[in-house]
Amino acid sequence: MSVIAPDEDGLQRCLSDLRRGNPVAIPTETVYGLAGDACNADAIAAIYACKQRPQFNPLICHVADMDMARRIGQFNAQAEKLAAAFWPGPLTLAVPRSDDCPVDPLASAGLDTIAIRLPAHELARNVLRRFGAPLVAPSANPSGRLSPSTAAHVHALLPDINVLDGGACAIGMESSIVGCLDDRPLWLRAGGLARADIEAVLGMPLDELPETQDATAKLAPGRLARHYAPMAALRLNAKDADDNELLIGFGPDAPKNCTANLSPTGDTSEAAAHLFRLLHEMDAQATRDGKSLAVMAIPQDGLGEAINDRLTRAARG
Ligand code: TXA
Ligand code: MG
């Protein structure tokens with residue numbers, strides 16, 4: 001299979017894959033997604049199989065517009081407010097499924113809620129508009145591996161599928177997820193939209209998920225999964241590289257011997273945009289040279305929370 005140019009021919013190939021129920025990778029502004037018809041159980045099963053994903057971890061439904069979103073989910077006042085402020089963009093809303101929701105239950109892995117996102121990437125929107133129905137699209141990587149932020153990453157990770165080339169993802173980090181299930185919006189996943197920006201629009205702090213296995217399984221099943229792991233070992237909060245390490249730096253004070261710098265100016269949005277690309281590159285280099293990886297401390301502000309979440313999981317391996 002191949003990397004497809006984003007012209008009319010490429011779009012047609014992509015749409016014909018989708019109509020036949022074959023997974024196809026598409027770009028979004030966050031990361032590349034492995035897309036399939038959200039109303040077709042076989043297409044969804046093919047995605048789970050391709051990702052080797054545990055089926056309890058449900059998928060996000062991507063929509064072309066607010067009408068499509070309202071057909072599949074119930075939006076309370078807070079969900080409406082967040083959608084109006086941040087869609088299209090890197091925010092996913094988990095809401096109750098609508099009464100006559102056409103999305104196959106396999107997509108939400110049996111939950112009575114549904115995660116919805118209206119992506120901003122022009123190609124993703126074009127595919128969605130022309131397909132005319134919601135598309136599930138988990139990140140286009142095998143389960144537990146790093147998310148892809150370029151078409152080349154996807155091709156390396158999943159060589160058997162077609163990938164529509166939309167360049168490097170501008171945000172480079174999965175969407176933030178907020179649960180709008182009652183009047184207390186829940187912070188379910190730190191991602192490409194900073195928590196503070198969401199709270200500013202809501203005019204209230206986001207609730208934390210209760211720390212029980214049951215609540216996690218029901219509300220944020222993704223947190224149970226091993227995630228984002230590079231092949232090489234990863235050490236956090238490094239100040240310097242040990243002999244056998246490649247160091248990923250951050251900020252203007254990074255030591256001279258670091259192999260790469262996530263953001264020489266110390267900007268967490270820039271660091272997020274480079275995170276997966278750098279991890280992919282450095283992981284390949286480390287694996288080749290028999291080395292391990294180390295990364296400097298990243299501040300928690302802005303997208304730093306999401307970066308630290310991904311790095312902590314990556315370090316756990
Ligand atoms: O930026 C993104 O969100 C990317 C791009 C491709 O859109 N997609 C992505 O999908 O990151 P994925 O499948 O890798 O992550 C989806 C997350 C999982 O952690 C899953 O548990 C959570 O969304 N999720 C899905 N449905 C949910 C629901 N009903 N309630 C709570 N969380 C849900
Ligand atoms: Mg993922």
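Both ligands and their constituent atoms are indexed starting at 1 by order of listing. Sequence positions, counted from 1, serve as the residue numbers for this chain. All values reported here derive from a predicted model rather than from experimental measurement.
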**Student:** Classify the contact between Pro138 and ligand 1 as side chain, backbone, both or neither, using a heavy-atom distance cut-off of under 4.0 Å.
**Tutor:** both

**Student:** Could you tell me which residues satisfy side chain to side chain contact (heavy atoms under 4.5 Å, CB included) with Cys169, sequence neighbours excluded, listed by chain and number?
**Tutor:** Tyr32, Ser149

**Student:** Provide the number and element of each atom of ligand 1 under 4.0 Å from a heavy atom of Ala115.
**Tutor:** 25 (C), 26 (N), 27 (C), 29 (N)

**Student:** Any chance the side chains of Glu8 and Gln12 put a donor and an acceptor closer than 3.5 Å?
**Tutor:** yes

**Student:** Would you mind listing which atoms of ligand 1 come within a distance below 4.0 Å of any non-hydrogen atom of Ser175?
**Tutor:** 1 (O), 2 (C), 3 (O)

**Student:** Mind checking whether His62 has a heavy atom under 4.0 Å from ligand 1?
**Tutor:** yes

**Student:** List ligand 1 atoms under 4.0 Å from Gly33, heavy atoms only on the residue side.
**Tutor:** 6 (C)

**Student:** I'd like to check which ligand 1 atoms, numbered from 1 as shown, lie under 4.0 Å from a non-hydrogen atom of Ile114.
**Tutor:** 29 (N)

**Student:** Checking the N or O distance criterion of under 3.5 Å, is ligand 1 in contact with Tyr32?
**Tutor:** no

**Student:** Does Ala137 have a heavy atom less than 4.0 Å from any atom of ligand 1?
**Tutor:** yes

**Student:** Does the pair Arg97/Asp112 count as a salt bridge with the N-to-O cut at 4.0 Å?
**Tutor:** no

**Student:** Looking only at distance, does Ser139 have an N or O less than 3.5 Å from an N or O of ligand 1?
**Tutor:** yes

**Student:** Over 60° means perpendicular and under 30° means parallel, so tell me whether Trp87 and Phe75 are parallel, tilted or perpendicular.
**Tutor:** perpendicular

**Student:** Between Lys239 and Glu245 (salt bridge meaning N to carboxylate O under 4.0 Å), is one present in this structure?
**Tutor:** no

**Student:** Run the salt bridge (Lys or Arg N to Asp or Glu O under 4.0 Å) test against Glu29 and tell me which residues pass, sequence neighbours left out.
**Tutor:** Arg117

**Student:** For ligand 1, indicate whether the residue Ile177 contacts it via side chain, backbone, both or neither (heavy-atom separation under 4.0 Å).
**Tutor:** side chain

**Student:** Salt bridge check, Arg277 against Glu270: does any charged N sit closer than 4.0 Å to a carboxylate O?
**Tutor:** no

**Student:** Check the pair Ser175, Arg189 against side chain to side chain donor-acceptor pair (under 3.5 Å), reporting the backbone distance first and the verdict last.
**Tutor:** CA-CA 8 Å; Ser175 59; Arg189 177 171 79 178; 3.3 Å; yes

**Student:** As a check for students: among Leu188, Leu219, Thr113, identify the option with a heavy atom nearest to atom 31 (C) of ligand 1.
**Tutor:** Leu219

**Student:** Heavy-atom distances under 4.0 Å decide this one: backbone, side chain, both or neither, for Thr30 against ligand 1?
**Tutor:** side chain

**Student:** What's the verdict on side chain to side chain donor-acceptor pair (under 3.5 Å) for Asn141 and Ser139, showing C-alpha distance, side-chain angles and the deciding distance?
**Tutor:** CA-CA 6 Å; Asn141 52 283; Ser139 50; 2.7 Å; yes

**Student:** Give a yes or no on whether Ser139 keeps an N, O or S atom under 2.8 Å from the Mg ion (ligand 2).
**Tutor:** yes

**Student:** Can you check whether Thr28 has an N/O within less than 3.5 Å of an N/O in ligand 1?
**Tutor:** no

**Student:** Under a 4.0 Å threshold between the charged nitrogen and the carboxylate oxygen, would Arg184 count as salt-bridged to Glu208?
**Tutor:** no

**Student:** Going by the atom numbers of ligand 1, which of them fall below 4.0 Å from some non-hydrogen atom of Ala94?
**Tutor:** 30 (N)

**Student:** Is there a polar contact between ligand 1 and Lys51, counting only N or O atoms under 3.5 Å apart?
**Tutor:** no

